[in-house]
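Following: one structure in structure tokens, then a few remarks.
Owing to the predicted nature of the structure, the values given are computational and were not obtained by experimental measurement.
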Amino acid sequence: MVTQDIKYIGVNDHETDLFEGQYIVPNGISYNSYVIIDEKIAIMDTVDKKKCGDFMANLKAALDGRKPDYLVVQHVEPDHASSVQAVVDEYPEVTIVASAGAMRMLPQYIEKDLSTAKTVKEGDELCLGKHVLTFVAAPMVHWPEVIMTYDKTDKVLFSADGFGKFGALDVEEDWDCEARRYYFNIVGKFGQNVQDVMKKAAGLDIQVICPLHGPILKETIPHVLEKYQIWSSYGVESEGVFIAYVSMHGNTAEAAKKLAELLEEKGCPRVAIADLARDDGAECLEDAFRHGKLVLAAPSYNGGVMPFMGDFLHHLAIKDYQKRTVALIENGSWAPSAAKTMKASLAQMKDIEILDTVTVRGKVKPADVEALSALADKLMA
């Protein structure tokens with residue numbers, strides 16, 4: 001139960017191994033849905049169709065024999081709207097409430113005459129009795145049709161995909177880690193849009209946040225809003241250095257690990273390191289955004305850079321990576337090309353300062369360690 005009148009009817013999913021077909025979710029994922037019980041009843045979103053049976057059972061238990069009047073569809077993505085069909089089949093008189101953008105997209109997923117549906121926009125209200133819902137447009141957080149809903153009575157913000165996280169609700173884990181990984185991989189490109197919604201939220205008295213993934217937020221709301229302010233403005237959350245490397249024969253890995261060792265010896269406040277070929281790519285992206293300084297280490301490959309590094313740079317670019325200091329380590333036995341290729345990719349990003357480049361030829365030698373030590377000094381400056 002969220003409040004006396006608002007009930008949670010969502011589900012946990014421990015069967016899905018890759019969320020959206022690409023993000024590892026070792027602790028599962030939750031699909032959250034809610035129902036407001038008043039003179040009129042409103043269902044707030046549905047769940048992924050793979051968990052539709054459990055969801056419908058939860059809904060019927062919460063309704064306790066009553067029929068819903070409204071189904072508010074805040075976000076049409078299938079993990080939230082692919083059970084809409086089950087609801088309208090079970091309750092054909094229910095009125096769908098959604099934004100104009102959502103109304104245009106819903107026919108891709110459901111078969112229903114939408115002529116009786118209610119289209120809402122920013123500032124519109126829906127009265128359920130004592131509960132009055134106000135709609136808050138949130139385009140591109142993270143789809144264009146998204147609209148959030150604020151319940152004036154219980155001071156609850158139904159935030160769609162905003163303020164969500166990976167992980168099922170029956171698993172205890174740190175909010176920051178999985179919320180950060182979720183944010184930068186799901187929403188990260190749309191920082192300005194999130195900033196716009198944050199400004200709207202600042203004008204509301206929010207006591208509870210009900211996201212579509214992750215836990216219901218109450219006491220931690222100030223902390224969550226602080227994190228979102230940093231993340232959406234592309235600010236630095238943790239002072240330190242993230243080293244992302246890829247290595248063919250172990251020599252570039254040795255250089256990257258040596259740099260990490262030197263940074264720690266020199267008192268760097270935080271050093272994180274990852275092998276792009278083996279570690280979770282979504283977590284690597286998260287660490288790149290978390291830290292103020294990034295080191296990219298890669299061997300040359302076919303006149304360019306090893307593909308794992310090229311792929312990582314691509315993911316940084318499409319998530320709007322910016323406002324960071326980057327240093328490079330390249331390795332090449334006869335014609336080093338990795339740094340040139342990495343610089344070309346970084347040049348497409350905003351406000352990126354290239355600090356320095358260390359070139360290693362083959363195995364790491366004493367002179368390379370000296371160069372890495374000098375690089376560590378510059379990173380610490």
Side-chain angles (χ1 to χ4, degrees), residues 18 20-24 142 180-192 231-232 234-238 240-257 259-260 263 271-332 335-360 372 375 378-379:
L18 293 176
E20 291 191 349
Q22 57 185 320
Y23 304 117
I24 298 169
H142 64 119
R180 184 189 302 108
R181 188 167 72 97
Y182 172 92
Y183 175 86
F184 283 113
N185 286 278
I186 303 296
V187 190
K189 177 178 175 62
F190 307 108
Q192 184 56 59
W231 298 343
S232 61
Y234 303 97
V236 175
E237 182 182 356
S238 298
V241 180
F242 173 50
I243 303 170
Y245 74 88
V246 62
S247 188
M248 293 178 67
H249 303 293
N251 296 309
T252 308
E254 182 183 350
K257 292 173 183 178
L259 176 62
L263 285 166
V271 181
I273 186 168
D275 180 348
L276 297 177
R278 293 176 173 83
D279 294 326
D280 176 19
E283 194 165 323
C284 294
L285 190 84
E286 168 201 344
D287 271 328
F289 277 96
R290 178 177 182 172
H291 298 86
K293 294 175 181 176
L294 170 67
V295 178
L296 302 175
S300 302
Y301 187 87
N302 286 350
V305 69
M306 195 170 173
F308 285 110
M309 179 60 74
D311 185 60
F312 182 59
L313 284 162
H314 168 72
H315 279 85
L316 289 177
I318 64 174
K319 298 301 182 182
D320 212 14
Y321 190 68
Q322 58 185 270
K323 299 179 183 178
R324 296 296 189 272
T325 298
V326 182
L328 306 175
I329 300 172
E330 67 172 352
N331 198 330
S337 58
K340 179 180 178 181
T341 304
M342 291 188 286
K343 285 179 180 178
S345 295
L346 291 164
Q348 307 305 311
M349 305 176 202
K350 294 182 289 187
D351 299 325
I352 299 295
E353 176 191 358
I354 305 296
L355 183 64
D356 203 354
T357 299
V358 172
T359 299
V360 177
L372 292 169
L375 177 59
K378 290 183 179 180
L379 288 164

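- By the 4.5 Å heavy-atom criterion applied to side chains, Ile354 and Leu346 are counted as neighbours.
- Ring geometry, Tyr183 versus Trp231: the interplanar angle falls from 30° to 60°, so the pair is classed tilted.
- In Lys323, the NZ atom is crowded: over 12 heavy atoms of neighbouring residues, nucleotides or ligands sit closer than 6.0 Å.
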Discussion item. Walk me through whether His315 and Asn185 qualify under side chain to side chain contact (heavy atoms under 4.5 Å, CB included).
Written reply: CA-CA 9 Å; His315 279 85; Asn185 286 278; 6.0 Å; no

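- Ser300 places a side-chain N or O within donor-acceptor distance of the main-chain N or O of Ser337, the cut-off being under 3.5 Å.
- Rounding to the nearest 0.5 Å places CG of Asp311 at 10.0 Å from CG of Leu316.
- Relative orientation of the Phe242 and His291 rings is parallel, given thresholds of 30° and 60° on the angle between their planes.
- Looking only at side-chain heavy atoms (C-beta outward), Leu259 and Ile273 stay at 4.5 Å or farther from each other.
- The structure places CZ of Arg181 at 7.5 Å from CD of Glu286, a figure rounded to the nearest 0.5 Å.
- In terms of modelled atom types and a separation under 3.5 Å, the side chain of Asp275 and the main chain of Ala277 share a donor-acceptor contact.
- You'll find the side chain of Met309 stays beyond 4.5 Å of the side chain of Tyr301, heavy atoms only.
- In this structure, the separation between CG on Leu18 and CD1 on Ile24 is 6.5 Å, given to the nearest 0.5 Å.
- Minimum heavy-atom separation, Tyr234 to Phe190: OH-N, 4.2 Å.
- Residues Met342 and Val326 form no side-chain contact, since every pair of their non-hydrogen atoms from C-beta on lies 4.5 Å or further apart.
- The minimum heavy-atom distance between Cys284 and Leu276, with the atom names listed, is SG-CD2, 3.9 Å.
- The side-chain heavy atoms of Val246 and Phe312, taken from C-beta on, include no pair separated by under 4.5 Å.
- When all heavy atoms of Thr359 and Pro336 are compared, the closest pair comes out as CG2-CG, 4.0 Å.
- Under a 3.5 Å cut-off, the side chain of Arg290 and the backbone N or O of Ala288 do not form any donor-acceptor pair.
- In this structure, Tyr245 and Lys257 approach most closely via the heavy-atom pair OH-CE, 3.5 Å.
- Contact between Lys293 and Lys378 at its shortest, heavy atoms only, is NZ-O, 4.3 Å.
- Here OG1 of Thr325 is found 12.0 Å from CG of Asp356. Values are rounded to the nearest 0.5 Å.
- Ile243 CD1 to Leu379 CG: the interatomic distance, rounded to the nearest 0.5 Å, is 8.0 Å.
- A 4.5 Å side-chain heavy-atom check between Leu313 and Met349 finds at least one atom pair inside the cut-off.
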Worksheet entry | Glu237 and Arg180: CA distance, side-chain angles, deciding distance, side chain to side chain contact (heavy atoms under 4.5 Å, CB included) verdict | CA-CA 10 Å; Glu237 182 182 356; Arg180 184 189 302 108; 2.8 Å; yes

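- Summarising the geometry of Ala282 relative to Tyr23, their closest heavy-atom pair is CB-CD2, 3.8 Å, with the distance given to 0.1 Å.
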Discussion item. Using the rule given for side chain to side chain contact (heavy atoms under 4.5 Å, CB included), can you reason through Glu330 versus Thr341, listing the C-alpha separation, both sets of side-chain angles and the distance that settles it, and then say yes or no?
Written reply: CA-CA 10 Å; Glu330 67 172 352; Thr341 304; over 6 Å; no

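- For the atom pair Arg278 CZ and Phe308 CZ, the distance stands at 8.5 Å (nearest 0.5 Å).
- Annotation: side chain of Leu328 is not in contact with side chain of Val295 (no heavy-atom distance under 4.5 Å).
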Discussion item. Between Ile318 and Lys189, does the side chain to side chain contact (heavy atoms under 4.5 Å, CB included) criterion hold? Intermediate values first, please.
Written reply: CA-CA 7 Å; Ile318 64 174; Lys189 177 178 175 62; 5.7 Å; no

